[in-house]
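Here is the structure we will look at, set down as structure tokens.
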Amino acid sequence: MTETSVPVVIVGAGPVGMVLALELAHHGIASQVIEARSTTTNFPKMDETNARSMELLARLGVSEELREVGVPPEHSFDTVFCTSLVGRELARWPEPSVTQVREQIAAAVDGSTPAEPWQRVSQELAEDVLMRRCLAESRIQVRRPWRATAVSDHGDRVSVSVKHVETREEETISCEYLVGCDGARSLVRSSAGIGLEGTEDLLDLALVHFRSRDRTHLQAHGQYWHLYFSSGGILIAQDEDEVWTLHALVPAGTTDEDVNAVELIQQVTGAPVEVDEILARSVWRPNIVLADSYRSGRVFLAGDSCHQVIPNGGYGMNTGIGDAVDLGWKLSAVLSGWGGEALLDSYEAERRPQAARALEWSSRHVGAQLEILGEVDPDLVDETSEAADVHRAHLADFIAVRRGEASSPGIEYGYRYTDSPVLAQEQADLGEFDPTTYTPTTLPGARAPHVLLPDGTSILTAYSRSFTLVDHGGEGAHELIEAAARVGIPLQHLRLEPGAHSASVYERSLVLVRPDGHVAWRGDRVGLDPEKILAHAVGRAAVTAHAEEALR
């Protein structure tokens, strides 16, 4: 048995683990990624990378590669409700295409839009892009097929035992920090003694991933992203060409072998769909669970290892990408010597509430779908009669007011870290949370709004490897810049004209933004002690009464 040493070990090479490795490398930190599979997944799993995730991935130079393999930009994100592929369309939730979102972004000057449109891309394609980037990055060593078998936190370091899946060779890896991105049955989580709260195995669902060019049936209702059947079941257009995914309820205890894929497709869709190839099939059971903690000593959790949601709303992988970027820059700051222990504590304080909200709203979205199914009269919905017309009109109205699953900017990028120990505290009444709306703000903890810089690029491109002081003519900016140099905190100074349109969007003359694009502090003047402001933002000192005054 051999032993090696590395700053960070990541167990699990799904999207979250790979984004974490890329984020660490972005800041100059090396990592090893341990993955039991020899290849990336062949299951579609998620099929949307939301706008906030695309903003974060753009920092890493990955967003355009995902767009190249994803659905072309002219296709909408519409959700259609129908009785069957040969039956009636009941309602439609229209959602704009990438091209249309880009037009909205170009027209807005008030910070109300994201910097990047969302992107439809199957996880099997996204993982391939991310893996190729990881393999090409010198600071990332991908170990596959190796399985983590044991984890031990020794206080000053962590050791993880790994075994090669094929040769059975064993090795021990020593690291300063270990992150479990190893999914629902996380070995890292169980080794750390961290429990889960929530409900597992809510439903029994069959997934059939297939190839078909039978557009006559599959697109009888026109172009769509998701298609819901009034009898239950969902059909997803994966590539707007020939790849589709069906999800359907099956009896409890059904196994993969029990699923007759072609028969299930035709039964759920109500049409004799011609299937060219079955790409994958499985029975899966969604969970709604949240880890009791995201950290135990030098061991951290991210993605499905600490939160699992029903896919409705697309909050699973996208929430995990937020975890990876948040934890990645903080681990990098500590390992580089300018971040303090409180910065690591802030990871759970910031990310766990967002996962809890995602769990809540994914459950609400499922509840809305069940309400819609419960409202359908199966004996009437597809008839030709006056009573049936009245029933369908009622269903259309009923479905329309339950829209929100396909577009929830409030959850995606309208959240705010309100209880973080490393952010300035500022009270504000923002009203009741609405997942369907986003109101730009620079309140500490919020995502800094997107505005265009004079050169035509998004201000979000500035938030990457260091802190950024956005300066619209505030008092004492040079004091903060000089203090950062004295204490070794990377900080860039972004000077903008006080009369620029961005000034009103950013609300204060000085806004201190973290590498992940979230606001750490804001004010019109620096105040009494700039070093205290910075020390607090990077978790290097407890806040004293003097510092609290400086943070105001």
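In this text, all values refer to a predicted model and were calculated from it rather than measured experimentally.
Under the 3.5 Å distance criterion, the side-chain polar atoms of N287 are left unmatched by any main-chain donor or acceptor of V289. Side-chain N or O atoms of E127 include one that pairs as donor or acceptor with a backbone N or O of T41 at under 3.5 Å. For Q119 (side chain) and V121 (main-chain N/O), no donor-acceptor pair under 3.5 Å exists by modelled atom type. No side-chain donor-acceptor contact under 3.5 Å links R133 to the backbone of D128. The closest donor-acceptor contact from the side chain of D258 to the backbone of T255 lies under 3.5 Å. The main-chain N or O of V250 is never found under 3.5 Å from a side-chain atom of T254 such that the two would form a donor-acceptor pair. The backbone N or O of I34 sits nowhere less than 3.5 Å from a side-chain atom of R147 that would complete a donor-acceptor pair. A side-chain donor-acceptor contact under 3.5 Å links E35 to the backbone of A13. The backbone N or O of N318 sits nowhere less than 3.5 Å from a side-chain atom of R52 that would complete a donor-acceptor pair. Without hydrogens or angle criteria, S190 side chain to S186 main chain gives a donor-acceptor distance under 3.5 Å.
Within the 6.0 Å centre-distance limit, the rings of H518 and Y415 are counted as a close aromatic pair. Ring centroids of F43 and H209 are separated by 6.0 Å or more, keeping the two rings apart. Aromatic pair W284/H247: ring centres closer than 6.0 Å. If you look at F467 and W329, their ring centroids are closer than 6.0 Å.
Salt bridge R486/E531: present, at least one basic N to carboxylate O contact under 4.0 Å. A salt bridge does not link E55 with R59: none of the charged nitrogens is closer than 4.0 Å to a carboxylate oxygen.
Using the six-membered ring where Trp is involved, Y294 and H307 have ring planes that are tilted, between 30° and 60° apart.
With a 4.5 Å cut-off on side-chain heavy atoms, P114 and H450 do not count as touching. The shortest distance between side-chain heavy atoms of V160 and T172 does not fall below 4.5 Å. In this structure, the side chains of V470 and L510 stay at 4.5 Å or more apart for every pair of heavy atoms. Considering only heavy atoms from C-beta on, S63 comes within 4.5 Å of E116 through its side chain. Using a 4.5 Å cut-off on side-chain heavy atoms (C-beta onward), C181 and V11 make no contact. Considering only heavy atoms from C-beta on, C175 stays 4.5 Å or farther from V8 through its side chain. Side-chain atoms of K163 and R168, non-hydrogen and from C-beta on, do get closer than 4.5 Å to each other. With contacts defined as side-chain heavy-atom distances shorter than 4.5 Å, the pair H536/K532 does not qualify.
The nearest pair of heavy atoms linking D326 to Y417 is OD2-OH, 3.8 Å. A192 and V299 make their closest contact through CB-CG1, 4.3 Å (heavy atoms, listed as atom of the first residue, atom of the second, distance). Of all non-hydrogen atoms in D182 and V188, the two that sit nearest each other are OD2-N, 3.1 Å. For the residue pair V158 and E176, the shortest heavy atom distance occurs at CG2-O, 4.3 Å. Closest of all the heavy-atom pairs between L423 and V519 is CD2-O, 3.4 Å. Scanning all heavy atoms of the two residues, the minimum distance from A349 to P421 falls at CB-CD, 3.8 Å.
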* Asked: So W361 and V309, side-chain contact (heavy atoms from CB on, under 4.5 Å) or not? Walk me through it.
  -> CA-CA 9 Å; W361 283 94; V309 301; over 6 Å; no

* **Trace of the side-chain contact (heavy atoms from CB on, under 4.5 Å) decision for L443 with R416** => CA-CA 8 Å; L443 280 164; R416 178 177 164 232; 3.5 Å; yes

* To do: Please test L20 against V179 for side-chain contact (heavy atoms from CB on, under 4.5 Å), starting from the C-alpha separation and ending with a verdict.
  => CA-CA 9 Å; L20 174 58; V179 185; 3.6 Å; yes

* To do: Verify side-chain contact (heavy atoms from CB on, under 4.5 Å) between V162 and I173, making sure each step is shown before the conclusion.
  => CA-CA 8 Å; V162 298; I173 307 170; 4.1 Å; yes

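In R281, the CZ atom is crowded: over 12 heavy atoms of neighbouring residues, nucleotides or ligands sit closer than 6.0 Å.
Each of V451, T441, D471 was evaluated against Y506; a single residue qualifies, V451, per the side-chain contact (heavy atoms from CB on, under 4.5 Å) test.
A cation-pi arrangement, defined by a distance under 6.0 Å to the six-membered ring centre and an angle within 45 degrees of its axis, is absent between R295 and F300. Relative to the ring axis of Y315, R357 does not place its NZ or CZ within 45° and under 6.0 Å from the centre.
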